[in-house]
Amino acid sequence: MCIRDRLKDAVTLGADYVDIEAGTEKYLIGELVAQIEKHHHRTRWIVSSHDFSGTPPDEALQKRFDACSRIGGDIVKIVTHAHAMEDNLRVLGLIPYARNKGRAIIALCMGEQGKISRVMAPLLGAAWSYASLEKGTESAPGQLTAEEMKLIYKLLGTGER
């Protein structure tokens, strides 16, 4: 079964969200949107852009966000790979950029250097972050477990997110 069929099945089954990569062929995105409309918009959709090679400069990140926004969706997700701690600042800077445009965003970095962005993103206004249920089940490099995230938020005095 191809990813398109899995996403359409997820919509049919009432998934809260589906996530489709911005680079997906337009007609496939159209099929997914039609499926969402057919099921009365019970499922919301995320337009995502992943950069596994690194984190581009601010202007390039903003252009990527704007391109994802033009596709549509309920949330834009921008994920890059952090090679240095400063990369986190550039990606997290998309959160106020999105807020100023009235858009919901998920913005974070992958990799060991990107862990801090996973913690900080929700605190700065991102829709959410991602955590694995347990060690060894991570879906991306640098992903913390849910228990680790809870502990960090507790130590920060921010409560659970």
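Model, not experiment: these values are computed from the prediction.
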Are any of the side-chain heavy atoms of [X] and [Y] separated by less than 4.5 Å?
X: L7; Y: V11; result: no
X: I71; Y: W45; result: yes
X: Y153; Y: P122; result: yes
X: K150; Y: K154; result: no
X: I106; Y: V76; result: no

Measuring from atom [atom1] of [X] to atom [atom2] of [Y], what distance do you get when rounded to the nearest 0.5 angstrom?
X: K63; Y: S49; atom1: NZ; atom2: OG; result: 14.0 Å
X: L13; Y: H39; atom1: CG; atom2: NE2; result: 8.5 Å
X: D16; Y: D74; atom1: CG; atom2: CG; result: 11.5 Å

Note: R64-D51 ion pair, threshold 4.0 Å (strictly below): yes
Is the backbone of [Y] close enough, under 3.5 Å, to the side chain of [X] for a donor and an acceptor to pair up by distance?
X: T43; Y: A15; answer: yes
X: R44; Y: I75; answer: no
X: Q35; Y: V33; answer: no
X: T12; Y: K8; answer: yes

CD (E59) with more than 12 external heavy atoms under 6.0 Å: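 It does not: E59 CD has 12 such atoms or fewer within range.
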Going by side chain to side chain contact (heavy atoms under 4.5 Å, CB included), S117 matches just one of L89, V91, L108, D87. Which one? L108
State, to 0.1 Å, how close [X] and [Y] come at their nearest heavy-atom pair, and which atoms those are.
X: G72; Y: V47; answer: O-CG2, 3.4 Å
X: P96; Y: G93; answer: CD-O, 3.3 Å
X: Q113; Y: N88; answer: O-ND2, 2.8 Å
X: R103; Y: G73; answer: NH2-O, 3.0 Å
X: G125; Y: I95; answer: C-CG2, 3.8 Å

Evaluation steps, side-chain contact (heavy atoms from CB on, under 4.5 Å), between L144 and V119: CA-CA 9 Å; L144 300 164; V119 173; 3.8 Å; yes
Treating Ile, Leu, Val, Met, Phe, Trp and Tyr as nodes and any side-chain heavy-atom pair under 4.5 angstrom as an edge, say whether [X] and [Y] lie in one connected cluster.
X: I46; Y: F52; result: yes
X: W128; Y: I105; result: no
X: M110; Y: M149; result: no
X: Y130; Y: L124; result: no

Review item, side-chain donor-acceptor pairs of residues 23-31, under 3.5 Å, at least two apart:
unit_1	atom_1	unit_2	atom_2	d
T24	OG1	E21	O	2.7
E31	OE1	R4	NE	3.4

Donor-acceptor list for residues 77-86 side chains, cut-off 3.5 Å, not counting sequence neighbours:
unit_1	atom_1	unit_2	atom_2	d
K77	NZ	D19	OD2	2.6
T80	OG1	T55	OG1	2.7
H83	NE2	S53	O	2.7

Sole residue of R118, K135, K115 in salt bridge (charged side-chain N to carboxylate O under 4.0 Å, His left out) with E148: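 The option that passes is K135.
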